[in-house]
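The figures here come from the full heavy-atom set of this structure, side chains too, leaving out hydrogens, waters and symmetry mates. Both counts, for ligands and for their atoms, begin at 1 and track the order of listing.
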Amino acid sequence: MIGCDCDVCHSPDPRDQRLRSSVYIETPECSWVVDTGTDFRTQALREGIRRVDAVVFTHSHTDHIMGFDDLRRFSHARGSMPVYASAETMADLERVFKFAFNKSNRVPYYLKPEPHIIDAPFKLGETLITPLQVPHGGSWVNGYLFSRADQKLVAYLSDCSAVPDAIVDLISGVKVFIIDALRDTPHPTHLSVGEALNAAARVRPESTYFTHIGHDLPQAAESRLPIGVHIAYDGLKLRF
Ligand SMILES: [Zn+2]
Ligand SMILES: [Zn+2]
Ligand SMILES: [Zn+2]
């Protein structure tokens, strides 16, 4: 956090230095990113990302969309950039990034979005992507379940204040559950550690990773979490 003197902001553990929440998924057929936050460019450079075939958005808060224009590098390489989002999120993207969605006066290396409104499960390559509507304070946002060959591999709920029973049913038994856990104390728009643990106990995944972590929660707090529950960190890679 800017201008903060707390222990986590000054921690010697590099895993306590966190950029905005996002995931990049590589499959044999194609690769995509979930959200392009303010740090997208830094993250793409750090990880040496050469290919993005699509972008899938959870919601339009600034920490999830403000790196959108940096997709131009990948959009130019493939001719356009498929953008998957709810109708509400797409409307926000079209307003904020009007210059990109505006079809006139287009320079070749500009970002050329190809909007796809999500209202049902869809496929990218052989991966089935199921939208998971969850409350995020006063609004509803999308999380996603990624399945391949009828196997529930990853459920990603980066921003939520509750996990409704219907969503628990959809993702029950998933291999990896990535769940919002901002801090120990309750927050109006994000899950606390206790609430995230409760969600994990209902979902019963093989393993759980906390994400969207605030500076109140050090990486070292992982040692007091139950077995199978981890605090994710920037650059973490999971392979299936
Ligand atoms: Zn701090
Ligand atoms: Zn948010
Ligand atoms: Zn967020």
Side-chain angles (χ1 to χ4, degrees), residues 1-25 32-44 55-71 83-97 118 131-146 154-164 167 177-193 195-196 199 208-222 231-236:
M1 185 172 258
I2 294 171
C4 182
D5 294 319
C6 84
D7 288 347
V8 176
C9 290
H10 290 269
S11 164
D13 186 339
R15 296 173 301 172
D16 280 326
Q17 289 181 22
R18 302 167 181 139
L19 300 178
R20 271 73 162 201
S21 306
S22 174
V23 287
Y24 176 70
I25 296 178
W32 62 94
V33 65
V34 180
D35 293 335
T36 52
T38 320
D39 301 310
F40 173 64
R41 181 172 183 275
T42 306
Q43 291 162 326
V55 55
V56 182
F57 282 102
T58 58
H59 64 310
S60 60
H61 283 164
T62 56
D63 54 327
H64 297 263
I65 68 164
M66 281 304 171
F68 184 63
D69 189 55
D70 287 312
L71 285 168
V83 178
Y84 293 82
S86 69
E88 189 189 357
T89 297
M90 195 71 80
D92 284 341
L93 288 168
E94 286 174 1
R95 178 174 49 80
V96 175
F97 301 100
I118 302 170
L132 308 168
Q133 274 218 313
V134 287
H136 179 30
S139 54
W140 286 81
V141 305
N142 277 0
Y144 295 99
L145 170 66
F146 302 98
V154 177
Y156 183 68
L157 299 177
S158 66
D159 293 58
C160 61
S161 44
V163 184
I167 300 300
F177 183 39
I178 305 175
I179 180 73
D180 183 347
L182 189 75
R183 62 187 191 192
D184 282 310
T185 51
H187 186 275
T189 63
H190 292 277
L191 294 179
S192 65
V193 168
E195 290 165 337
T208 299
Y209 288 85
F210 288 170
T211 192
H212 218 300
I213 306 145
H215 69 141
D216 301 305
L217 193 63
Q219 186 69 30
E222 191 176 270
I231 295 181
Y233 53 87
D234 289 38
L236 172 69

statement: So the protein N/O/S atoms within less than 2.8 Å of the Zn ion (ligand 3) come down to Asp63 OD2, His64 NE2, Asp159 OD2, His212 NE2

task: Report yes if some heavy atom in the side chain of Arg20 is under 4.5 Å from a heavy atom in the side chain of His61; otherwise report no.
output: no

message: Measuring only between side-chain heavy atoms, which start at C-beta, is Phe97 closer than 4.5 Å to Ile65?
response: yes

statement: For the Zn ion (ligand 2), the nearest N/O/S atom on His136 is atom NE2

task: Look at the rings of Phe146 and Tyr144 and say which category their plane angle falls in: under 30° parallel, 30 to 60° tilted, over 60° perpendicular.
output: tilted

message: For a 4.5 angstrom cut-off between non-hydrogen side-chain atoms, does Asp159 reach His64?
response: yes

field: Electrostatic pair Asp39-Arg41, nearest N-O below 4.0 angstrom
entry: no

message: Would you say that Asp216 contacts Val8 through its side chain, given a criterion of any heavy-atom pair below 4.5 Å between the two side chains?
response: no

message: Go through it in stages, so that I can follow the logic: the residues are Phe57 and Val83, the test is side chain to side chain contact (heavy atoms under 4.5 Å, CB included), and I'd like the CA-CA distance, side-chain angles, deciding distance and then a yes or no.
response: CA-CA 8 Å; Phe57 282 102; Val83 178; 3.8 Å; yes

query: So how many protein N, O or S atoms does the Zn ion (ligand 1) have within less than 2.8 Å?
result: 4

- prompt: Between Ser60 and Leu93, is any pair of side-chain heavy atoms under 4.5 Å apart?
  reply: no

query: Can you name the one residue among His187, His190, His212 that meets ring pair (Phe, Tyr, Trp, His ring centres under 6.0 Å) with His136?
result: His190

- request: Check whether any side-chain heavy atom of Phe40 sits under 4.5 Å from a side-chain heavy atom of Leu71, and report yes or no.
  value: yes

